[in-house]
Every structure is written in structure tokens, then in C-alpha cells.
**Q** 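One structure follows; several queries about it will come next.
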Amino acid sequence: MIRVLIADDQDLVRGGLAALLALEDGIEVVAEVGRGDLVEAAVAEHRPDVVLLDIEMPGMSGLEVAERLRGHRVVIVTTFGRPGYLSRALDAGVSGFVVKDAPVAELTAAVRRVMAGETVIDPKLAVSALTVGPSPLTQREAEVLRTASGGATVADIARTLFLTEGTVRNYLSSAITKTGARNRAEAVRVAESRGWL
């Protein structure tokens with residue numbers, strides 16, 4: 001029996017996945033959580049064989065959780081099929097990456113294959129990741145863009161990140177150039193759409 005834990009902040013999606021997986025022979029859903037910061041405790045308590053994680057969750061993102069669960073079999077199951085997210089997930093040591101619009105048979109096959117020691121990646125996303133490539137942004141440039149995404153001013157960003165305004169402008173300028181954008185709002189959109197933030 002493959003023991004599965006599902007972490008997704010959307011009740012309907014989480015419940016739907018649990019119900020569908022429960023219909024499969026040899027798969028048992030042992031726990032469901034709706035927040036990223038609850039996953040580690042649930043893993044310790046229920047000892048699943050495979051953990052299915054959404055990326056966008058309150059408390060902690062699925063990518064952050066995956067990093068903390070290194071050594072466990074983790075499959076990202078997300079709406080956000082972006083090449084940058086795939087790269088970050090693989091860097092975090094996940095065993096699989098499946099998009100939510102995949103057929104249920106693909107998800108169950110992914111769970112079984114991951115349990116057998118394979119790494120499973122959505123084929124279309126893998127091709128897209130090879131085309132887009134890794135993020136050109138440094139960690140600090142990404143952090144500045146992430147902070148700017150809410151419409152923060154240069155002064156706000158500087159205060160939040162404990163940088164000078166000149167340094168913030170330099171990071172923004174570099175990020176704009178690297179993303180091929182015309183301004184910082186467009187740089188944020190490009191970086192988010194590619195999963196670099």
C-alpha cells in the first residue's frame with residue numbers, strides 16, 4: 001500500500017485528489033493539509049511514502065516545503081506549470097512535477113513511478129524548461145523584484161530589504177535588462193510567468 005499525504009490550500013482540489021486516489025488499488029491517502037507550514041508535522045505524524053504538494057499555499061510555499069523534505073518522495077502537483085518552478089523544484093530534490101490539468105491516470109502513474117524510485121516530470125513542461133533555461137536573475141535581484149511586485153516604491157524596497165535606494169535601483173535596472181522588459185512592472189510579470197520569483 002502506498003501511503004500518500006496531500007497538501008493543497010484549495011479544499012475542493014485537495015478533497016477531489018484524495019477521493020480520486022482513494023479509488024486506486026494500492027494507494028491510501030493518510031493525511032490532507034491546507035497550509036504549507038503544517039506539512040512537516042503531518043509527515044512526521046503520518047509517515048507517508050509520497051507527499052503531493054501544491055506550490056502556492058499559505059504559511060510556506062510548496063517549493064520551500066520540498067526543500068525541507070529532502071530525502072522524502074515529493075511530487076509537486078500544481079496549476080503553475082512554469083519552467084522556473086520546475087527548475088526550483090528539481091533543485092529542492094523533488095521526485096516529480098505534475099500539472100493539475102493532467103489526467104488522473106497520469107497522477108496515479110506518477111505516484112507509483114516515484115514510489116519505484118523514478119523521477120517523473122510533465123513532458124511538455126520539461127521541453128518548455130529546456131527552451132526557457134534557468135533564471136538569469138541573481139538571488140538578490142529576484143528578492144528585489146519580488147518585493148517590488150506589490151507596487152512598492154524604491155524607498156519601500158530599500159527599507160524592507162535594508163539596502164540603499166541606489167542599490168535597489170541598480171538591482172531593478174539589472175533585472176529589467178536580464179528579463180528583456182521595459183520597466184520593473186513588466187520585469188516582475190516576465191519573471192513570475194517563467195517561475196523565476
Side-chain angles (χ1 to χ4, degrees), residues 1-130 134-135 139 142 146 192 194-197:
M1 188 65 76
I2 302 172
R3 297 167 53 82
V4 175
L5 181 146
I6 301 171
D8 193 301
D9 64 322
Q10 296 177 326
D11 292 339
L12 186 61
V13 171
R14 188 175 66 247
L17 285 174
L20 290 169
L21 288 174
L23 297 173
E24 292 292 319
D25 288 335
I27 296 178
E28 177 187 9
V29 176
V30 295
E32 300 175 41
V33 297
R35 294 179 54 89
D37 54 356
L38 300 178
V39 175
E40 282 184 281
V43 166
E45 180 182 348
H46 299 283
R47 306 180 63 77
D49 298 308
V50 179
V51 179
L52 303 181
L53 294 176
D54 188 19
I55 288 181
E56 296 291 330
M57 291 186 286
M60 189 181 298
S61 78
L63 296 173
E64 292 169 311
V65 174
E67 183 72 42
R68 291 173 177 243
L69 293 179
R70 277 188 188 277
H72 289 83
R73 293 178 190 94
V74 173
V75 177
I76 298 289
V77 182
T78 184
T79 308
F80 304 103
R82 298 175 184 156
Y85 282 156
L86 173 59
S87 295
R88 289 168 57 200
L90 292 174
D91 288 345
V94 303
S95 302
F97 198 104
V98 180
V99 291
K100 285 182 181 172
D101 63 357
V104 172
E106 281 185 32
L107 177 60
T108 57
V111 168
R112 294 179 199 287
R113 289 174 59 199
V114 163
M115 189 64 192
E118 294 180 46
T119 299
V120 180
I121 299 168
D122 179 89
K124 291 179 200 163
L125 187 57
V127 169
S128 181
L130 290 172
S135 173
Q139 184 177 355
R146 203 174 292 114
E192 284 180 339
R194 293 184 180 166
W196 295 340
L197 295 185

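These numbers come from a predicted model, not from an experiment.
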**Q** Sequence neighbours left out, what passes side chain to side chain donor-acceptor pair (under 3.5 Å) with Glu67? Give chain and number order.
**A** Arg70
**Q** Please round to the nearest 0.5 Å and tell me the distance separating atom CG of Leu63 and atom CG of Leu53.
**A** 9.0 Å
**Q** If I compare all heavy atoms of Ala110 with all of Val98, which pair ends up nearest, and what's the gap?
**A** CB-CG2, 3.9 Å
**Q** Using side chain to side chain contact (heavy atoms under 4.5 Å, CB included), reason through Met60 and Arg35 one step at a time and then give a plain yes or no.
**A** CA-CA 7 Å; Met60 189 181 298; Arg35 294 179 54 89; over 6 Å; no
**Q** May I ask you to decide whether Asp91 forms a salt bridge with Arg88, counting only side-chain N to carboxylate O separations under 4.0 Å?
**A** no
**Q** For a quick test of reading the model, state the closest non-hydrogen atom pair linking Phe97 to Val75 and the distance between them.
**A** N-CG1, 4.3 Å
**Q** Determine, stepwise, if the pair Ile2 / Arg112 fulfils side chain to side chain contact (heavy atoms under 4.5 Å, CB included).
**A** CA-CA 8 Å; Ile2 302 172; Arg112 294 179 199 287; 4.2 Å; yes
**Q** Locate the shortest heavy-atom distance separating Ala18 from Glu32; write the atom from each residue and the value.
**A** CB-OE2, 3.4 Å
**Q** Let me confirm one number: the CG-CG distance from Leu21 to Leu107, rounded to the nearest 0.5 Å.
**A** 5.5 Å
**Q** Kindly compute the distance separating CZ (Arg73) from OG1 (Thr119), expressed to the nearest 0.5 Å.
**A** 11.0 Å
**Q** The test is side chain to side chain contact (heavy atoms under 4.5 Å, CB included); show your working for Met115 and Val50 and say whether it passes.
**A** CA-CA 7 Å; Met115 189 64 192; Val50 179; 4.3 Å; yes
**Q** Out of the candidates Val33, Ile6, Val74, only one should pair with Val39 under the side chain to side chain contact (heavy atoms under 4.5 Å, CB included) rule; please name it.
**A** Val33
**Q** Taking all atoms of both residues into account, what is the closest heavy-atom pair of Leu5 and Ala42, and its distance?
**A** CD1-CB, 3.5 Å
**Q** How many angstroms lie between CD in Gln10 and CD in Glu56, if you round to the nearest 0.5 Å?
**A** 10.5 Å
**Q** Can you list the steps and then say if Asp54 with Val77 is a side chain to side chain contact (heavy atoms under 4.5 Å, CB included)?
**A** CA-CA 5 Å; Asp54 188 19; Val77 182; over 6 Å; no
**Q** With a 3.5 Å distance limit and no angle check, can you tell me whether Glu106 reaches the backbone of Pro103 through a side-chain donor-acceptor pair?
**A** no
**Q** Between Lys100 and Asp8 (salt bridge meaning N to carboxylate O under 4.0 Å), is one present in this structure?
**A** yes
**Q** In Å, rounded to the nearest 0.5 Å, how long is the span from CG of Asp49 to CZ of Arg3?
**A** 7.0 Å
**Q** State whether the number of non-hydrogen atoms from other residues, nucleotides or ligands found under 6.0 Å of Leu12 atom CG is greater than 12.
**A** no
**Q** Please identify each residue that fulfils side chain to side chain donor-acceptor pair (under 3.5 Å) with Arg47, with sequence neighbours left out.
**A** none
**Q** Under a 4.0 Å N-O cut-off, is there an ion pair linking Arg146 with Glu192?
**A** no
**Q** Please report the shortest heavy-atom distance between Met1 and Gly26, naming the atom on each side.
**A** SD-C, 3.3 Å
**Q** Can you give me the closest heavy-atom contact between Asp9 and Met57, atom names plus distance?
**A** N-CG, 4.0 Å
**Q** About how many Å separate CG of Asp37 and OG of Ser61, when rounded to the nearest 0.5 Å?
**A** 11.0 Å
**Q** So, does His46 use its side chain to make a donor-acceptor pair with the main chain of Val43 at under 3.5 Å?
**A** no
**Q** Measuring only between side-chain heavy atoms, which start at C-beta, is Leu90 closer than 4.5 Å to Ile121?
**A** yes
